[in-house]
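What follows is one structure encoded as structure tokens, with my remarks underneath.
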Number of protein chains: 2
Amino acid sequence: MKVNFNNRDPVYVQVVRYFKQQIATNMLEPGQEIPSRRELASELKINPNTVQRAYKEMEEAGLIYTERNLPSKITKDEKMLHSVREELIIEAVDSFVASVHSIQVPFEEVVAILKEKYEEVSDENKRGESND
Amino acid sequence: MKVNFNNRDPVYVQVVRYFKQQIATNMLEPGQEIPSRRELASELKINPNTVQRAYKEMEEAGLIYTERNLPSKITKDEKMLHSVREELIIEAVDSFVASVHSIQVPFEEVVAILKEKYEEVSDENKRGESND
DNA sequence: TCGCGTGTATTAATTGGTTAATACACAATG
DNA sequence: CATTGTGTATTAACCAATTAATACACGCGA
């Protein structure tokens with residue numbers, strides 16, 4: 001479990017995003033146990049409350065659940081899990097479309113640039129990825 | 001001159017973004033005079049220093065220039081003006097690709113979703129746009 | 001029953017960015 | 001030459017979000 005922190009976004013947001021990505025790519029399975037607050041905090045060298053905040057948000061969103069005082073687990077609700085990926089995509093698309101729309105970029109131009117960039121990142125992965 | 005402020009981003013950032021969009025869509029022309037710090041501040045009901053900060057960033061970026069103590073003007077450097085649009089697009093694309101790549105969305109799926117959303121916003125504009 | 005590792009709650013501290021207040025310098029204009 | 005409107009610089013205040021410190025509650029197992 002390794003999160004590449006940046007300095008821009010709040011740590012707890014980045015932790016949530018990390019779990020969402022893990023869920024969206026099926027790296028975390030339904031019912032799977034995740035590290036305890038203190039354990040993850042220790043591992044990532046951050047404050048336990050920061051993890052707690054991340055976990056709390058995830059629990060309120062229905063991504064994880066907690067039974068008694070046991071480490072939380074990934075939800076077993078398949079629909080919920082599936083929607084995580086959907087929502088991540090929708091968020092990204094909405095933000096992106098708003099940006100390019102405000103400067104009136106035609107759809108075809110967008111797709112063309114997108115394709116280029118897509119091939120770039122694919123190439124990078126074929127070699128030895130190391131990004132933020 | 002009207003900026004739709006949101007509560008998320010700093011005001012001066014939104015002011016800069018507004019000018020960049022205006023430049024990218026050719027609403028502001030090379031050499032064109034822009035409102036003085038105090039004037040724009042008054043118009044937008046914000047502090048003159050907030051405008052100053054926005055203008056300062058734009059001047060450092062080469063988007064505007066200031067002669068003596070006259071109101072600043074849009075740069076006449078056509079290459080610079082053209083690159084504004086390019087950079088806005090590149091920023092949007094980079095951020096977008098990073099997002100969808102982290103959850104491994106295939107290119108074709110991205111384009112499909114994008115197309116849908118694009119048609120949505122186009123339709124909205126045909127009617128009576130009113131967004132933040 | 002005691003201790004340990006869970007999750008949880010409350011409150012405080014920090015801190016950085018943002019905005020505001022104020023003053024200064026300059027040039028044009030009447 | 002004084003006033004007014006520019007841009008500029010410096011400093012302070014503010015404020016909200018984030019993080020940290022601390023204590024509490026619960027259940028399990030030695």
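So you know, we letter chains A, B, ... as the sequences are listed, proteins then strands, and number each from 1. The structure presented is a predicted model; accordingly, all values stated were derived computationally and were not measured.
- Distance, I34(A) CD1 to dG7(C) C1': 12 Å, rounded to whole Å.
- Within the 4.0 Å cut-off from OP1 or OP2 of dT6(C), not a single side-chain nitrogen or oxygen of T66(A) is found.
- Proximity of R38(A) to the phosphate of dG5(C): no side-chain N or O atom is located under 4.0 Å from OP1 or OP2.
- Between dT18(C) and T50(B), no contact under 4.0 Å exists linking OP1 or OP2 to a side-chain N or O.
- Between Y55(A) and Y12(A), the gap from one ring centroid to the other reaches at least 6.0 Å.
- At distances below 3.5 Å, at least one donor-acceptor pair connects side-chain atoms of Q14(B) with backbone N or O atoms of N6(B).
- Atom P of nucleotide dT18(D) and atom CZ of R53(A) are separated by 5 Å, given to the nearest angstrom.
- Regarding contacts with the backbone of dT8(D), a side-chain N or O of R37(B) is found under 4.0 angstrom from either OP1 or OP2.
- Checking K56(B) against E39(B), the closest nucleotide of DNA chain D that is more toward the 5' end is the one next to E39(B).
- Residue R68(A) places none of its side-chain N or O atoms closer than 4.0 Å to OP1 or OP2 of dG7(C).
- Put simply, CG on N69(B) is 11 Å from C1' on dT4(D), counting in whole angstrom units.
- Using a 3.5 Å distance cut-off with no hydrogens or angles, the side chains of Q104(B) and T25(A) do not pair a donor with an acceptor.
- Residue Y12(A) is in sugar-phosphate contact alone, with no base atom involved, counting any heavy-atom pair closer than 4.0 Å across all strands shown.
- In this structure, R85(A) pairs ionically with E109(B), as a charged nitrogen and a carboxylate oxygen lie closer than 4.0 Å.
- In this model, the phosphate group of dT6(D) is approached by a side-chain N or O of S36(B) to a distance below 4.0 Å at OP1 or OP2.
- In this entry the distance linking CG of N47(B) with P of dG17(C) reads 19 Å, nearest Å.
- Following rounding to the nearest Å, I64(B) (CD1) and dT8(D) (C1') show an atom-to-atom distance of 13 Å.
- Whole-Å rounding puts the E57(A) CD to dT18(D) P distance at 9 Å.
- A straight line from CD of E67(B) to P of dC26(C) spans 17 Å, rounded to a whole angstrom.
- Look at CG on L44(B): it is 12 Å from P on dA20(C), rounded to the nearest Å.
- Panel note: side chain E59(B), backbone T66(B); a donor-acceptor pair is recorded below 3.5 Å.
- In this structure, the nucleotide among dA21(D), dA20(C), dT19(D) sitting nearest to the side chain of N49(B) is dA20(C).
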